[in-house]
Amino acid sequence: MTQRVLLLPGDGIGPEVVAQAERVVLAVAQLFDLPLSLDTANLGGVAIEAEGVAFPQTTREKALAADAILLGAVGGPRWDGLPASERPERGLLAIRSALDLFANLRPAILFPQLASASSLKAELVAGLDILIVRELTGGIYFGEPRGIAVREDGQREGYNTYRYSEGEIMRIARLAFELAGKREGKLTSVDKANVLEVTQLWREVVTGLGADYPEVALDHMYVDNAAMQLVRAPKQFDVLVTGNIFGDILSDTAAMLTGSIGMLPSASLNEQSKGLYEPVHGSAPDIAGQDRANPLATILSVAMMLRYSLNAAAAARAIEEAVATVLDQGLRTADIVDKGQSAVGTVAMGDAVIAALMSQKENS
Ligand code: NAD
């Protein structure tokens with residue numbers, strides 16, 4: 001059955017990196033005989049210009065009908081003056097909530113060829129491959145009551161509520177156990193159970209679920225220790241699962257271990273494994289339209305899309321191998337180039353990945 005992929009190029013460098021990713025989708029579809037159909041829609045600033053809102057109805061309909069969605073990035077200085085509720089980034093929040101994307105998967109993979117780009121010593125991070133699974137639709141970012149109120153003594157007081165139901169914890173933990181089972185079989189659940197009752201419950205529910213996954217080694221870590229361990233000895237981790245706020249912070253910390261934001265893919269999934277796939281970086285207006293953007297984060301997002309939503313793990317591996325090959329060949333965009341070396345552009349990097357894919361097929 002044909003699977004539907006929706007492309008949302010977005011703003012800034014978004015269209016440039018998605019154009020290269022689209023070529024990669026078409027190439028693997030041909031190489032692996034995958035019945036995929038591609039469509040495109042507007043999201044973000046480009047949608048505001050063309051259709052008046054950041055997440056138009058036509059885009060909503062196409063997104064709901066798609067099996068997987070590939071997004072470039074949204075936003076830029078052109079729309080910075082708009083009120084928060086009308087800005088391009090609202091489109092992103094709206095599509096996440098329309099699809100009920102409760103799980104955010106952020107791999108931090110450091111290709112050994114780029115170990116010198118990390119802020120940590122190369123031996124600590126070379127070959128790093130960890131996956132952070134962050135709950136995305138609950139926790140303190142959404143908990144009610146919330147607000148800023150005037151107290152009896154006249155002082156203003158801000159407050160938020162950190163809540164998780166058993167069901168919310170269960171669904172993110174189950175996904176994390178399953179992912180760990182397909183990797184090294186190690187899951188670290190991150191909480192602050194010594195202080196916060198909500199994460200005491202988190203720990204109890206995750207521990208209980210562990211009985212269903214005897215093949216996965218589960219351990220628990222307080223978030224302060226997890227932050228420390230991520231920069232002390234990150235290779236000890238395989239999969240980390242945590243709530244929304246801790247995941248927000250830890251995934252950005254892990255991202256920096258790899259050195260370049262231009263290399264990091266991400267996925268957000270719902271219960272039907274429908275997913276929104278996107279590079280971690282933004283629309284980079286400072287380099288937009290100059291053929292300088294690194295398309296590899298978006299191309300690696302295509303690999304995640306094939307693996308998690310389109311049931312095509314072999315095609316996903318082929319893309320990851322093709323990326324490793326181009327790095328071995330010494331190709332680097334400006335963001336990952338070593339001093340004194342020359343950089344290739346966005347399109348040339350796309351060309352090289354396609355050529356590496358084609359030669360894998362010829363050699364197989
Ligand atoms: P950014 O990620 O766009 O850029 C940060 C820096 O990294 C810039 O110097 C940029 O040139 C560089 N960079 C980013 N991606 C790169 C790539 N693929 N190749 C080479 N260099 C790359 O973050 P920012 O500057 O804080 O934000 C710019 C705009 O993007 C803002 O409007 C912001 O709201 C938006 N944004 C969107 C998303 C998203 O769509 N998911 C995420 C973050 C920021």
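We count ligands from 1, going down the list as the structure has it; atoms in each ligand are counted the same way. Just so it is clear, the structure is predicted and the values come from calculations on it, not from any experiment.
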*Asks:* Count the heavy atoms belonging to other residues, nucleotides or ligands that lie under 6.0 Å from CZ of Arg203, then report whether that count exceeds 12.
*Replies:* yes

*Asks:* What atoms of ligand 1 come within less than 4.0 Å of a heavy atom belonging to Ala73?
*Replies:* 40 (O)

*Asks:* Regarding Trp79 and Glu49, is there a side-chain donor-to-acceptor distance under 3.5 Å anywhere?
*Replies:* yes

*Asks:* Between Val74 and ligand 1, which residue portion shows a heavy-atom distance shorter than 4.0 Å: side chain, backbone, both, or neither?
*Replies:* both

*Asks:* Have a look at Val133 and tell me which of Val239, Thr242, Asn104, Leu240 forms a side-chain contact (heavy atoms from CB on, under 4.5 Å) with it.
*Replies:* Val239

*Asks:* Heavy-atom distance from atom 14 (C) of ligand 1 to the protein below 4.0 Å?
*Replies:* yes

*Asks:* Purely on distance, is any nitrogen or oxygen of Ala284 under 3.5 Å from one on ligand 1?
*Replies:* yes

*Asks:* Scan the protein's non-hydrogen atoms and note whether one is under 4.0 Å from atom 18 (N) of ligand 1.
*Replies:* yes

*Asks:* Protein heavy atoms near atom 36 (N) of ligand 1, is at least one of them under 4.0 angstrom away?
*Replies:* yes

*Asks:* Can you find a protein heavy atom closer to atom 25 (O) of ligand 1 than 4.0 Å?
*Replies:* no

*Asks:* Is it the case that Asp191 and Thr199 place a side-chain donor and acceptor less than 3.5 Å from each other?
*Replies:* no

*Asks:* Side chain or backbone, does Arg292 bring an N or O within less than 3.5 Å of an N or O on ligand 1?
*Replies:* no

*Asks:* Provide the number and element of each atom of ligand 1 under 4.0 Å from a heavy atom of Leu92.
*Replies:* 39 (C), 40 (O), 41 (N)

*Asks:* Relative to ligand 1, is Ile13 under 4.0 angstrom through side chain, backbone, both or neither, heavy atoms considered?
*Replies:* side chain

*Asks:* Please name the residue in the list Arg96, Arg171, Arg134 that meets the side-chain contact (heavy atoms from CB on, under 4.5 Å) test with Phe102.
*Replies:* Arg171

*Asks:* Does one side chain, of Tyr213 or Glu178, offer a donor that lies under 3.5 Å from an acceptor on the other?
*Replies:* yes

*Asks:* Between Asn294 and ligand 1, find which residue part has any heavy-atom pair under 4.0 Å and reply side chain, backbone, both or neither.
*Replies:* both

*Asks:* Which is closest to atom 7 (O) of ligand 1 by heavy-atom distance: Asp80, Ile261, Ile336?
*Replies:* Ile261

*Asks:* Counting only heavy atoms, tell me which of Gly75, Pro285, Gly45 gets closest to atom 28 (C) of ligand 1.
*Replies:* Pro285

*Asks:* Regarding Thr59 and Glu61, do their side chains bring together a donor and an acceptor under 3.5 Å, going by distance alone?
*Replies:* no

*Asks:* Hey, is atom 5 (C) of ligand 1 under 4.0 Å from any protein heavy atom?
*Replies:* no

*Asks:* Would you say Gly76 has any N or O atom under 3.5 Å from an N or O of ligand 1, going by distance alone?
*Replies:* yes

*Asks:* State if Val17 counts as touching ligand 1 under the rule of any non-hydrogen atom under 4.0 Å.
*Replies:* no

*Asks:* Is a donor from one side chain sitting under 3.5 angstrom from an acceptor on the other, for Asp11 and Ser283?
*Replies:* no

*Asks:* Quick check: is Tyr308 connected to Val280 through a chain of hydrophobic side chains (ILVMFWY, heavy atoms under 4.5 Å apart)?
*Replies:* no

*Asks:* What is the distance from atom CG of Leu300 to atom OG of Ser266, rounded to the nearest 0.5 Å?
*Replies:* 11.5 Å

